[in-house]
> 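Pasting a structure here, questions to come.
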Amino acid sequence: MFRISNATGGYGKTIIIRDVSLYVGSGDVVALLGRNGVGKSTLMRYATGLIPAIAGTVEIDGLAAPAAPARRARHGLGYVPQGRFVFPRMTALENIAVAAESNGHNGKEAVEEALTYFPMLKPKVHDLAGGLSGGQQQVLALARALAIRPTVLLLDEPTEGVQPSIVDEIAGVLKRINIERGIAMLVAEQDLDFCLSIANRAYVMEKGAIRMETDRATLERDKALQQELLGV
Amino acid sequence: MDIDYLATVILSSLSSASILLIATIGLAVVFGLMGVINLAHGEFLMIGAYSALTATQMGVPFVLAIPIAVAVTMAIGALVEVLIIKRLYGRIFDTMLATWGISIVFYQLAVMIFGTVTPGIGMPQSNIQIGDYSLAGYPLLMIGVAALMGLFVYFLMTRTVYGMKARASIQQPEMAQAIGIESTRVNTLTFSIGCGLAGFAGAVLLPIVPATPSMGFSFVIKAFLTVVVAGPVTLTGSVLTAIGLGGGASITASFLTSVAGDIFFFLITAALLWLYPLGISAKWRRKL
């Protein structure tokens with residue numbers, strides 16, 4: 001399980017998220033919805049420790065998360081950032097292997113396992129990650145995050161700039177991973193269909209705070225809220 | 001012109017290119033790979049040379065003095081990284097200013113401790129005879145040393161877990177942390193290895209280039225230009241650039257004058273940078 005309590009954080013003196021609390025049960029898939037600029041990515045970065053906490057705490061598996069991002073990763077926190085941020089001058093294979101090895105797992109095995117989930121990477125393993133297409137990089141960033149064997153996976157806009165066929169593939173793999181490996185997920189997204197296809201619950205963010213918590217059934221019925229989130 | 005003379009010229013040019021490469025590889029790691037403009041790089045070379053010199057004067061065999069020089073420069077490099085460089089990543093001008101200051105401090109310390117003139121250590125005497133010409137063996141040995149050094153760095157950076165962590169930490173520092181790499185510690189080690197390579201260069205070249213406080217300066221300009229011309233695929237690029245520029249300059253020097261050799265070096269460098277502003281390897285799809 002994964003819990004953020006009373007998170008307040010931002011960049012320098014600028015506070016972007018204020019007193020945010022949320023909870024992801026073990027094996028749960030939770031969506032984090034909201035328009036551009038409401039603080040979803042900042043909350044994700046707060047959760048990874050990449051921005052320092054002004055206030056609040058993060059818990060992974062019932063234990064207080066250490067401050068350093070690297071140690072949070074080793075406590076089982078996986079992160080797929082918005083914009084992918086693959087290691088561009090390393091091969092796809094190395095991107096996955098280095099994540100596994102940094103957490104004491106065998107790199108070769110991690111790559112083999114990743115390729116069973118993402119066969120589309122197979123012809124690309126020896127290519128430099130920087131030369132891959134946006135969709136391929138997204139899949140690679142996901143494979144890299146999974147290579148650390150996380151118990152909780154944070155996904156920040158995994159469908160942004162990705163072609164629809166790959167979006168479906170990503171949704172399918174996330175569902176499979178969630179069922180087979182029991183990895184809990186928090187998915188920040190603007191693509192409502194994508195979220196409805198994988199998440200059971202959702203938080204809606206507004207102006208750096210959680211405005212409401214809802215479940216899939218309610219969200220599917222609430223056309224007004226959908227309209228608002230889609231921004232049309 | 002007879003074939004023996006040509007062979008002599010080619011061998012000695014290759015050896016000059018190798019000496020340039022040996023002095024450059026550390027910078028290829030620190031500047032090419034990490035992007036830190038370390039203006040004190042030449043002084044690390046000098047520290048390596050003095051460490052080896054002092055060790056041999058204390059009776060340590062030259063072969064064992066080299067690893068001592070590497071250890072000393074790695075330790076000083078790690079200290080400089082932790083105290084100064086670490087706070088300046090991504091701030092190019094601040095880094096230049098700080099490392100320039102470090103270079104002055106090291107230079108003056110060397111003047112104070114060793115004076116401006118120091119005895120060389122004699123070159124191991126072994127000559128190679130080609131026809132009527134005789135070449136000193138030690139500079140020729142540098143061809144092999146340069147090759148081994150290049151291979152060592154290549155394998156260290158591409159085939160080891162540390163190498164993957166090092167490149168990940170440099171390319172995307174935040175994501176490296178987010179997947180569990182202690183990137184600040186890894187960067188300290190990488191910088192320290194770069195300095196250690198400079199120290200190795202200073203030590204191994206000691207029989208050819210005697211230790212003086214200002215010796216770093218003569219190396220650092222050509223080394224920087226080599227890495228800049230090499231571009232983003234820093235190691236392979238530096239090897240080719242060192243052979244092309246260093247070897248070409250040496251051939252020119254042996255047929256004309258040493259000034260003509262330097263002119264060749266700087267003219268070709270300018271031309272290459274005009275043709276490839278981002279370095280010759282800007283479009284290569286290689287790791288290192």
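Residue numbers begin at 1 in each chain, while the letters A, B, ... track the order of the sequences.
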> Does B/K86 NZ have over 12 foreign heavy atoms under 6.0 Å away?
yes

> Between B/Q177 and A/L50, is there a donor-acceptor pair closer than 3.5 Å when you use the side chain of the first and the backbone of the second?
no

> Which residue out of A/R71, A/H75, A/M90 racks up the most heavy-atom pairs below 4.5 Å with chain B?
A/M90

> Quick one: closest heavy-atom pair of A/I148 and B/I179, and the distance?
CG2-O, 3.8 Å

> Checking A/R72 against chain B: side chain, backbone, both or neither under 4.5 Å from a heavy atom?
neither

> Would you say CD1 of A/I54 has more than 12 non-hydrogen atoms from neighbouring residues, nucleotides or ligands within 6.0 angstrom?
yes

> Within a reach of under 6.0 Å around OH of B/Y154, are more than 12 heavy atoms found that belong to other residues, nucleotides or ligands?
yes

> Could you tell me whether B/F152 atom CZ has more than 12 heavy atoms of other residues or ligands within 6.0 Å of it?
no

> Tell me, yes or no, whether the heavy-atom count around B/W284 atom CH2, taken from other residues, nucleotides or ligands under 6.0 Å, exceeds 12.
yes

> Identify which of A/R45, A/R74, A/E94, A/E101 forms the greatest number of heavy-atom pairs closer than 4.5 Å to chain B.
A/E94

> Rounded at 0.5 Å granularity, tell me how far CZ in A/F85 sits from CD in B/Q172.
6.0 Å

> Return the CZ to CG distance between A/R89 and B/L33, rounded to the nearest 0.5 Å.
10.5 Å

> Got a second to check how far B/R167's CZ is from A/F87's CZ, nearest 0.5 Å?
10.5 Å

> To the closest 0.5 Å, what do you measure between OG (A/S102) and CD1 (B/I181)?
3.5 Å

> Please give me the minimum heavy-atom distance between A/A73 and B/A178, naming the atom from each residue.
CB-O, 3.3 Å

> Quick check on B/R185: does its CZ atom have over 12 non-hydrogen neighbours (other residues, nucleotides or ligands) under 6.0 Å away?
no

> Where does A/A100 contact chain B at under 4.5 Å (heavy atoms): side chain, backbone, both or neither?
neither

> What do you reckon, is CZ of B/F264 surrounded by more than 12 foreign heavy atoms closer than 6.0 Å?
yes

> In terms of heavy-atom contacts, does CZ of A/R3 have more than 12 from other residues, nucleotides or ligands at under 6.0 Å?
yes

